[in-house]
Amino acid sequence: MKILISADMEGATGVTWPADVLPGTPQWERCRSMFTSDVNAAVLGFHDGGADQVVINEAHWSMRNLLLERLDSRAEMLTGRHKTLSMVEGVQHGDVDGIAFVGYHTGAGTEGVLAHTYLANSITGVWVNGVRASEGLLNAHVVAEYGVPVVLVTGDDLTCVDAAGYAPDAVTVAVKDHVSRYAAVCRTPARTAADIRAAAKEAAALAVRYEPVRGGPFTVELEFDAEHLAMTATVVPGVEQCGERRVAYTSETMYEGIRAFKAVTTVVSAAVEEQYG
């Protein structure tokens with residue numbers, strides 16, 4: 001059994017504030033340890049549940065945050081940028097039996113600790129075929145095309161609620177309870193590590209590949225906080241403005257859809273001005 005862990009940081013134990021996840025800050029350095037603890041607990045739990053191989057795909061910011069030297073020696077980690085499938089890189093090779101979303105968060109324009117979708121700000125909402133989408137939902141559509149179930153999701157309590165919409169059978173672990181975008185009631189690393197390890201052991205039983213799901217076409221809409229960002233996004237082929245601050249595009253597969261999404265966010269991030277956005 002091979003498990004892929006997609007590891008994001010905003011949903012990690014103890015993380016509540018932008019500086020907690022911004023590479024180079026003292027708070028980020030401190031929170032890297034708790035992030036690593038969450039991921040390592042999942043590694044241990046999946047092995048407890050019978051996994052033969054656990055691969056971690058670093059999925060936050062520069063994708064160089066986890067402390068490799070603190071991971072269980074059986075783990076392998078893909079770290080760094082750039083990757084064909086970004087947050088779920090590795091799922092496309094046909095040998096992954098289940099995927100875990102560790103340290104995930106809710107989507108742009110919704111309640112949740114450090115809620116966003118790809119860009120920390122600028123994007124105020126994302127919809128897929130009319131359904132408001134988090135990164136979890138976007139990535140769930142991608143992995144479904146490879147017949148890989150989402151078996152475990154960890155993050156704040158609202159992330160667990162969000163996961164019920166795109167992975168209803170997955171085991172979930174809330175490592176903190178949302179108070180506001182920048183505040184949460186947090187459990188200690190010792191407690192969350194135990195909870196995640198137990199959940200991953202249970203989730204291993206769900207790691208059974210199925211026939212790939214071809215759910216397309218997918219119409220993806222993005223809403224921005226400024227009109228010029230929508231205009232800028234239309235330089236990506238196939239992306240059209242559908243409102244003052246909205247753009248949309250349609251892809252036959254989510255493989256194509258997530259790559260187009262990455263292109264749009266990359267172009268838009270370059271158009272954000274420091275003071276005025």
Side-chain angles (χ1 to χ4, degrees), residues 1-8 42-43 45-59 75-78 83-104 107 117-118 126-155 159-173 196 199-221 238 248-263:
M1 180 199 309
K2 180 177 179 179
I3 301 293
L4 178 65
I5 296 176
S6 173
D8 204 0
V43 172
F46 282 122
H47 279 292
D48 291 344
D52 303 302
Q53 184 179 10
V54 180
V55 177
I56 303 148
N57 178 33
E58 265 255 31
E76 297 173 302
M77 183 169 70
L78 170 58
K83 307 164 187 171
T84 301
L85 287 180
S86 189
M87 297 182 75
V88 291
E89 177 67 24
V91 76
Q92 68 268 43
H93 302 311
D95 60 350
V96 174
D97 298 297
I99 189 167
F101 295 165
V102 175
Y104 268 50
T117 306
Y118 268 63
V126 177
W127 294 264
V128 177
N129 291 344
V131 177
R132 186 180 279 274
S134 62
E135 292 169 9
L137 186 145
L138 289 169
N139 291 330
H141 278 306
V142 176
V143 302
E145 293 184 343
Y146 297 96
V148 177
V150 180
V151 299
L152 174 69
V153 180
T154 78
T159 299
C160 295
V161 173
D162 181 52
Y166 63 78
D169 296 327
V171 182
T172 60
V173 177
I196 292 171
K201 180 179 179 180
E202 177 185 351
L206 303 175
V208 179
R209 294 178 58 81
Y210 53 81
E211 284 297 312
V213 176
R214 305 300 181 190
F218 298 98
T219 297
V220 180
E221 292 183 65
Y249 64 88
T250 299
S251 299
E252 289 301 313
T253 68
M254 191 48 79
Y255 170 84
E256 297 168 346
I258 201 69
R259 287 161 62 80
F261 191 88
K262 181 65 175 176

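Note that this is a predicted model, so its numbers are computed, not measured. What you see below is based on every heavy atom in this structure, not just the backbone, and it leaves out hydrogens, waters and symmetry mates.
Of the N and O atoms on the side chains of Asn139 and Tyr104, at least one donor lies less than 3.5 Å from an acceptor on the other residue.
Leu85 places a side-chain heavy atom less than 4.5 Å from the side chain of Tyr146. The shortest side-chain heavy-atom distance between Met87 and Leu138 does not fall under the 4.5 Å cut-off. Side-chain contact between Phe101 and Asp8: absent, with no pair of heavy atoms (C-beta onward) separated by less than 4.5 Å. When side chains are defined from C-beta on, Glu89 counts as touching Thr84, because their heavy atoms get closer than 4.5 Å. In this structure, Tyr118 and Val126 have side chains that are not in contact, with every pair of non-hydrogen atoms separated by 4.5 Å or more.
Looking at every heavy atom in both residues, Ala167 comes nearest to Val150 through CB-CB, 3.8 Å. Taking each heavy atom of Gly238 and Tyr249 in turn, the nearest pair found is O-CB, 3.4 Å. Heavy atoms only, all atoms of each residue included: Ser86 and Asn57 are closest at O-ND2, 2.9 Å. Nearest heavy-atom pair, Tyr166 versus Ala140, reported as atom, atom and distance to 0.1 Å: CD1-CB, 3.6 Å. In this structure, Ala200 and Ala42 approach most closely via the heavy-atom pair CB-O, 3.5 Å. Val55 approaches Lys2 most closely through the heavy-atom pair CG2-CE, 3.8 Å.
Of the possible polar contacts, one joining the Gln92 side chain to the Gly90 backbone as a donor-acceptor pair under 3.5 Å is found. No side-chain donor-acceptor contact under 3.5 Å links Arg214 to the backbone of Thr253. Remark: the backbone N or O of Met254 is not paired with any side-chain donor or acceptor of Ser251 at under 3.5 angstrom. Using a distance-only test at 3.5 Å, with no hydrogens or angles considered, no donor-acceptor pair links the side chain of Asp97 to the main chain of Pro149. Within the 3.5 Å criterion, the main-chain N or O of Gly103 finds a donor-acceptor partner in the side chain of Thr154.
Note that CE of Met1 is 13.0 Å distant from CZ of Arg209, once rounded to the nearest 0.5 Å. The distance from atom CD of Glu256 to atom CD of Glu145, rounded to the nearest 0.5 Å, is 8.5 Å. Here the CD atom belonging to Glu58 is positioned 6.5 Å from the NZ atom belonging to Lys83, to the nearest 0.5 angstrom. Here the OG-CG distance, from Ser6 to Leu78, works out to 10.5 Å after rounding to the nearest 0.5 Å. Atom OG1 in Thr172 sits 11.0 Å away from atom CG in Asp162 (nearest 0.5 Å). Rounding to the nearest 0.5 Å gives a distance of 9.0 Å between CG of Leu4 and NE2 of His93.
Tested against Val43 for a side-chain contact (heavy atoms from CB on, under 4.5 Å), the candidates Asp48, Ile196, Ile56, Val102 yield a single pass: Ile56.
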